[in-house]
Participant: 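Attaching a single structure in structure tokens format; questions to follow.
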Amino acid sequence: MSDPNATLLKANLRQLRLPTMLAEWEKLAREAADRDEAYDAYLLRLTELEVAARSANAMAARIRAAGFPVVKEFDTFDFTAAPGLPKQKVLELARGEWVGQRMNCCLIGGSGTGKTHAATALGLSLCRLGKRVRFVTAAGLVTQLEEAQQEHRLDRLLTQLDRLDLLIVDELGYLSFSRAGAELLFQVFADRYERRSLLITSNLPFSEWGTVFQGERMTAALLDRLTHQCHIFEMNGESYRFRESMKAKKDKDAKKVK
Ligand code: ADP
Ligand code: MG
């Protein structure tokens, strides 16, 4: 293409915000000329690159917005070490239908049993399917809710949470909350009932959630809604971390003996 046309084309691609087409059109045009490619085939290839780049950027943005503390995937998860979490069932959940059906998921188990790892890997899979996800700890969420209330922007925060397809609340039960904090958390959970999905991890069995929500009535009302349509996994067993460190120690001791 003659230089003035190239300059105008570049300006247009910039104005139309098509950065991938801007970066790639010359190279693809040379290839098309070499191969005698039809005009429409060239244009199709060029637009495909833009579409692919946009969807990759959107996915990366969804993953950033979800706020995972660390990226953990199922490919590094050893299902044989987590008998409470059947692989087939979990990989089915990673396909996301339950979120479309507004169902919930609870991972219950002791410290180090892989709850945060599994919750993160599920959340990442859902981000890749185009779902809006947010990962928070229960304590972090309560703090955010209390601060928003004090600053008279609770409604705005609740609206933001309401837009999420999946809210992941990690570590419910490690800390108990003030009455007001527990009520705010209850409100978020109750609002999502049959409308939006929740994934909750807890070290406490359901029978002990009363200590978090202070009051049997509120706890019963919450559990009733939460578990109505819910995939529940009990991940009891030894701590993975503990087991790995014992294994490492044993290997070291074995070497010493030799
Ligand atoms: P929890 O949230 O239940 O306390 P985590 O998910 O934080 O446990 O797991 C503790 C550590 O052990 C993490 O580094 C995690 O990646 C690892 N881990 C736990 N379970 C498994 C597993 N089944 N396969 C691989 N790594 C695991
Ligand atoms: Mg955890």
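Just so you know, residue 1 is the first one in the sequence shown, and it goes up from there. Counting starts at 1 for both ligands and their atoms, in listed order. As a basis for the values below, the full set of heavy atoms in this structure was taken, side chains included, without hydrogen atoms, waters or symmetry mates.
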Participant: Considering only heavy atoms, does Asp170 approach ligand 1 within less than 4.0 Å through its side chain, its backbone, both, or neither?
Facilitator: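 For Asp170, there is no contact with ligand 1 at all, from either part.
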Participant: For Ser178 and Glu146, does a side-chain donor sit closer than 3.5 Å to a side-chain acceptor?
Facilitator: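 Side-chain D/A pair, Ser178 to Glu146: present.
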Participant: Could you tabulate the donor-acceptor pairs under 3.5 Å formed by side-chain atoms of residues 86-103, not counting sequence neighbours?
Facilitator:
from	atom 1	to	atom 2	distance (Å)
Trp98	NE1	Leu93	O	2.9
Arg102	NE	Arg195	O	3.2
Arg102	NH1	Gly100	O	2.9

Participant: Do any N or O atoms from the side chain of Ser125 and from the backbone of Ala121 form a donor-acceptor pair under 3.5 angstrom?
Facilitator: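 Side chain of Ser125 to backbone of Ala121, a donor-acceptor pair under 3.5 Å: yes, one is there.
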Participant: Has Thr116 got an N/O/S atom less than 2.8 Å from the Mg ion (ligand 2)?
Facilitator: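 An N, O or S atom of Thr116 is closer than 2.8 Å to the Mg ion (ligand 2), so yes.
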Participant: Could you check whether any side-chain heavy atom of Leu166 comes within less than 4.5 Å of a side-chain heavy atom of Ser197, counting everything from C-beta outward?
Facilitator: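 Yes, their side chains come closer than 4.5 Å.
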Participant: Under 4.0 Å from a heavy atom of Thr113: which atoms of ligand 1 are those, numbered in the order shown and with their elements?
Facilitator: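 Answer for ligand 1: 1 (P), 3 (O), 8 (O).
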Participant: Enumerate donor-acceptor pairs with a distance under 3.5 Å from any side-chain N or O in residues 199-208 to protein atoms, sequence neighbours excluded.
Facilitator:
from	atom 1	to	atom 2	distance (Å)
Thr201	OG1	Asp170	OD1	2.4
Thr201	OG1	Glu171	N	2.9
Ser202	OG	Leu172	O	2.6
Ser202	OG	Leu204	N	2.9
Ser202	OG	Leu204	O	3.4

Participant: Which part of Met235 is near ligand 1, with near meaning a heavy atom under 4.0 Å away: side chain, backbone, both or neither?
Facilitator: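 No part of Met235 comes within reach of ligand 1.
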Participant: Heavy-atom contacts with Gly110 under 4.0 Å: which atoms of ligand 1 show up? List them by number with element.
Facilitator: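 Close to Gly110: 3 (O).
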Participant: Going by the atom numbers of ligand 1, which of them fall below 4.0 Å from some non-hydrogen atom of Lys72?
Facilitator: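 Answer for ligand 1: 13 (C), 14 (O), 15 (C), 16 (O).
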Participant: Given Gly114, Gly109, Ala81, which one has a non-hydrogen atom that is nearest to atom 5 (P) of ligand 1?
Facilitator: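 Looking at heavy atoms only, Gly114 sits closest to atom 5 (P) of ligand 1.
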Participant: Look at Glu194 together with Arg225 and state whether they make a salt bridge at an N to O cut-off of under 4.0 Å.
Facilitator: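 Arg225 and Glu194: not salt-bridged.
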Participant: Measure up the Phe79 and Phe77 rings against each other and bin them: parallel (under 30°), tilted (30 to 60°), perpendicular (over 60°).
Facilitator: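 If you compare the ring of Phe79 with that of Phe77, the planes turn out perpendicular.
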Participant: Once you round to the nearest 0.5 Å, how far does CG of Asp34 lie from CD of Glu31?
Facilitator: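 So the gap between those two atoms works out to 8.0 Å.
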Participant: Out of curiosity, is Ala118 lining ligand 1, as in a heavy atom under 4.0 Å away?
Facilitator: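 Flag not set, Ala118 not near ligand 1.
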Participant: Within ligand 1, which atoms have a heavy atom of Asp78 less than 4.0 Å away?
Facilitator: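 Listed by number with element: 22 (C), 23 (N), 24 (N), 25 (C).
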Participant: Any N/O of Tyr174 closer than 3.5 Å to an N/O of ligand 1?
Facilitator: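 Min N/O separation from ligand 1 is not below 3.5 Å for Tyr174.
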Participant: May I ask you to list the atoms of ligand 1 that are less than 4.0 angstrom from any heavy atom of Ser111?
Facilitator: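 Within the 4.0 Å cut-off of Ser111, ligand 1 contributes 4 (O).
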